[in-house]
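First comes the structure, then the notes that go with it.
Residue numbers start from 1 in every chain, and the chains themselves are labelled A, B, ... in the order their sequence lines are given, proteins ahead of strands.
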Amino acid sequence: MARTLLVVVLALLLFAALATLPLFLKAFYIRVGLSIFLSAGFAVCWWLLAGFTAYYSFGHTAFVGVGAFAAALTLRAVAAAAPGLQLAAGLLAGLVTAAVIAAAIAWPILRLRGHYFTIAMLAVALVLGEAVSAFPVFGGSAGLSLPNIAPSGMRVEAFFYWLALALLAIVMAIAWIISRSRLGYGLAAIREDEDAAQMLGVPTTRFKVVAFVLSGGLTGALGAVYALNLGYITTDSVFRGSLSLEMIVNSLVGGMGSLLGPVIGAAIMTGVTKLVLADLLEYHLAITGLLIVAVVLVAPDGVAGLWRRTRR
Amino acid sequence: MITLLQTLVNGVLYGGILSIAAVGFSLIFGVMNVINLAHGIFVIGGAYGALVAWSTLGIDPLASIPPLMLIAFILGWLCQRLVIQPAVQRGNPVAALLVTFGFTLVALNLLTVAFSSSVRSISPSYSFINLRLGDVSFDLVRLVAFACGLLLIGGLGSFLRFSRWGRIIRATALSELGARLCGVDARAVYALTFAVGSAFAAASGVLIGMMLPFTPAEEVTWTVYAFIVVTLGGVGSLGGAMLGGVLLGLVSALTQTYLGGVFTNMVMFLILLGTLLLRPNGILGSAFKASR
């Protein structure tokens with residue numbers, strides 16, 4: 001109990017410290033922090049499903065895209081409202097739409113296991129991406145623009161920094177609570193041996209659906225923030241295979257074994273990309289690729305796993 | 001009626017190319033149980049190899065297929081031995097997938113630096129020739145590419161069916177443990193499989209380069225198409241890859257003619273999803289290693 005309290009207090013202090021940073025930092029570094037929080041948030045959402053159940057989704061960008069377009073269309077409908085209300089409406093639209101779509105596909109798609117689930121999620125993302133670009137409601141190839149909802153008098157990058165940080169905190173809190181709940185233990189049992197878990201009375205289907213819908217819905221909410229921050233979205237910018245891959249890569253680089261893994265991975269990968277490789281744009285992809293190969297071969301349990309191993 | 005006939009002909013010819021572009025992927029997926037995200041880069045690499053041979057040395061693309069296959073074979077062998085096998089040994093199926101992705105990023109970057117990201121194409125002297133049979137026209141290049149594709153698939157099929165190494169590959173695919181108990185060096189088999197798969201990817205790339213314009217970033221498309229063809233036809237089955245490719249080619253051509261070009265990809269992806277949900281083993285797939 002005391003340990004739980006300690007973790008909560010430490011986490012709150014850390015987030016409070018992070019929240020004060022925009023007061024000192026230059027705009028460029030605030031934007032780097034913002035990208036780290038967003039990609040960490042996405043990675044944690046993906047990890048909510050994959051880390052607990054070992055169902056590796058290859059198409060989570062579907063939920064980013066759905067959230068982004070839902071937010072954009074909703075903001076169009078409530079263009080006259082106050083910025084605060086607009087933000088709430090956009091976030092809610094992203095969350096709910098993505099969760100509804102996740103719930104609609106959950107039952108058929110979660111019957112598939114292993115590689116087949118992975119490919120099916122890729123197909124879902126591709127179908128949704130193609131559908132969005134084929135129908136003119138979504139702006140076609142021209143895309144949709146979103147209003148600037150940052151309150152006047154506040155720096156835009158600082159506003160989105162705080163927004164992304166708050167969402168990351170919420171997502172991590174949800175994941176942490178799940179990991180300590182009956183649901184979390186049930187999901188871990190599914191990861192270790194789904195058939196055995198089912199025989200022992202774990203409601204595998206229900207648990208998987210819950211994890212899938214949570215993961216998708218939260219990804220959608222983050223997708224709404226992602227879109228608001230971009231200010232202008234097209235099918236290619238939000239239904240992007242590389243977004244799905246980033247979630248996977250960040251989680252594996254950081255380590256799949258714990259909640260901190262995806263966050264550490266996102267911090268490393270995004271940090272390296274934005275800070276170290278900013279001057280090496282031409283070879284950026286190759287270096288990222290080498291980094292991925294190196295991590296998989298040298299630190300198969302990710303950076304978090306490496307740290308655990310040295311402590312032992 | 002003529003439109004329908006022409007569409008069907010185009011579909012079958014395109015489908016042949018889709019088939020040959022997927023056999024390497026199918027072999028690797030079926031035998032090693034690895035989703036090879038580097039497949040598309042080997043395809044596009046083959047196209048660029050043919051472009052270099054054709055534009056600097058004046059070699060006909062078809063003549064450049066054997067040497068390019070040899071180069072891709074060696075590259076694939078090295079790639080498997082140095083990078084993929086260590087990842088496979090980690091036991092995590094996603095580790096192998098990620099490593100192929102990392103390899104793809106490096107190769108894509110090098111290709112882009114070497115050739116820039118602009119659109120290239122190969123047009124030997126006999127391109128733009130049309131043969132007519134009644135009112136139906138056949139693109140000569142596509143016809144030739146189709147024939148070459150069939151020849152290559154036939155060659156691979158007889159290699160797997162009749163040669164000693166082919167038998168060993170099939171045995172390892174069925175049961176790695178059983179094969180190893182019979183004295184098979186499974187690691188060598190996997191390296192050989194990956195090398196053969198890469199060689200066929202490169203060969204298909206040459207054929208694709210003769211028919212369609214290409215850029216380095218096209219590699220994603222060909223990996224995804226290989227995915228769809230293999231899932232539709234059945235993992236690890238050559239007949240499945242051919243059937244899946246031709247069906248997909250037909251669907252693609254029919255959608256393009258009767259629904260419009262925007263919908264071709266959507267319909268193809270829907271078919272992938274539908275196959276996965278209704279018959280995950282694919283049309284000709286049996287309970288192969290990867291489909292369990």
Side-chain angles (χ1 to χ4, degrees), chain A residues 50 54 56 58-59 105 107-109 111-136 140-141 240-242 245 248-249 251-253 256 280-302, chain B residues 29 33-35 37-38 82-84 86-87 89-113 216 220 223-224 227-228 230-231 235 259-278 280-281 290-292:
Chain A
Y56 290 81
F58 220 91
I105 59 174
W107 271 274
I109 218 166
R111 284 173 48 223
L112 301 166
R113 291 190 189 178
H115 284 334
Y116 286 83
F117 172 77
T118 305
I119 307 172
M121 279 306 295
L122 175 72
V124 167
L126 292 170
V127 168
L128 285 176
E130 290 290 333
V132 164
S133 64
F135 295 109
S141 55
R240 187 153 53 88
S242 54
L245 275 166
I248 304 173
V249 169
S251 301
L252 276 136
V253 166
M256 293 290 293
L280 290 166
L281 267 184
E282 205 182 6
Y283 291 99
H284 162 200
L285 276 184
I287 296 171
T288 316
L290 288 175
L291 206 61
I292 293 170
V293 173
V295 165
V296 173
L297 297 186
V298 179
D301 296 323
Chain B
F29 195 177
N33 200 11
V34 167
I35 294 182
L37 292 183
L82 298 177
V83 195
I84 295 169
Q89 277 165 352
R90 303 260 181 257
N92 181 348
V94 179
L97 179 146
L98 264 190
V99 160
T100 60
F101 174 63
F103 177 84
T104 307
L105 286 187
V106 176
L108 175 64
N109 200 162
L110 296 181
L111 271 184
T112 315
V113 169
V220 186
T223 307
V224 172
F227 250 135
I228 306 178
V230 169
T231 317
V235 170
L259 283 179
V262 257
F263 293 106
T264 44
N265 272 341
M266 197 180 0
V267 171
M268 280 163 99
F269 300 148
L270 273 176
I271 286 177
L272 170 64
L273 196 56
T275 324
L276 280 169
L277 296 179
L278 299 176
N281 286 347
S291 55
R292 257 179 239 148

Would you compute the distance between atom [atom1] of [X] and atom [atom2] of [Y] and round it to the nearest 0.5 angstrom?
X: Leu105(B); Y: Ile287(A); atom1: CG; atom2: CD1; value: 11.5 Å
X: Leu276(B); Y: Phe117(A); atom1: CG; atom2: CZ; value: 11.5 Å
X: Leu126(A); Y: Met266(B); atom1: CG; atom2: CE; value: 12.0 Å

What is the minimum heavy-atom distance between [X] and [Y], and which atoms define it?
X: Ala123(A); Y: Leu273(B); answer: CB-CD1, 3.8 Å
X: Pro86(B); Y: Leu297(A); answer: CB-CD2, 3.8 Å
X: Phe58(A); Y: Leu37(B); answer: CZ-CD1, 3.9 Å
X: Val106(B); Y: Ala286(A); answer: CG2-O, 3.4 Å

Atom group of [X] that falls short of 4.5 Å from chain A, counting heavy atoms:
X: Phe103(B); answer: backbone
X: Leu108(B); answer: side chain
X: Val224(B); answer: side chain
X: Ile84(B); answer: neither

* Asked: Which residue out of Leu291(A), Leu245(A), Ile248(A) racks up the most heavy-atom pairs below 4.5 Å with chain B?
  ->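 Most pairs with chain B among the choices: Leu245(A).
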
* Closest-packed option against chain B by number of heavy-atom pairs under 4.5 Å, given Gly129(A), Ala134(A), Ala131(A) ->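 Option with the greatest count: Ala131(A).
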
* Any chance you could lay out the side chain to side chain contact (heavy atoms under 4.5 Å, CB included) test for Phe269(B) and Leu128(A), step after step, and finish with the verdict? => CA-CA 9 Å; Phe269(B) 300 148; Leu128(A) 285 176; over 6 Å; no

* Asked: Val295(A) versus chain B, heavy atoms under 4.5 Å apart: side chain, backbone, both or neither?
  ->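 Answer is neither: Val295(A) stays 4.5 Å or more from chain B.
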
* Picking from Leu277(B), Val99(B), Val220(B), which has the most non-hydrogen pairs under 4.5 angstrom with chain A? ->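 Most heavy-atom pairs under 4.5 Å with chain A: Leu277(B).
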
* To do: Just jot down the ring pair (Phe, Tyr, Trp, His ring centres under 6.0 Å) partners of Phe101(B), sequence neighbours excluded, or say none.
  =>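 Once residues adjacent in sequence are excluded, Phe101(B) has no partner under the ring pair (Phe, Tyr, Trp, His ring centres under 6.0 Å) criterion.
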
* To do: Check whether more than 12 heavy atoms from other residues, nucleotides or ligands sit under 6.0 Å from atom CZ of Arg240(A), and answer yes or no.
  =>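 For Arg240(A), atom CZ is crowded (more than 12 foreign heavy atoms under 6.0 Å).
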
* Less than 4.5 Å apart, any side-chain heavy atom of Ile35(B) and any of Ile119(A)? ->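 The answer is yes, as the side chains (C-beta and beyond) meet within the 4.5 Å cut-off.
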
* Using a 4.5 Å cut-off on heavy atoms from C-beta on, say whether the side chain of Tyr116(A) contacts that of Val235(B). =>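 Yes, side chains in contact.
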
* Out of Asn109(B), Thr104(B), Val113(B), which one pairs with Leu285(A) under the side-chain contact (heavy atoms from CB on, under 4.5 Å) rule? ->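 That would be Asn109(B); it is the only one of Asn109(B), Thr104(B), Val113(B) passing the side-chain contact (heavy atoms from CB on, under 4.5 Å) with Leu285(A).
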
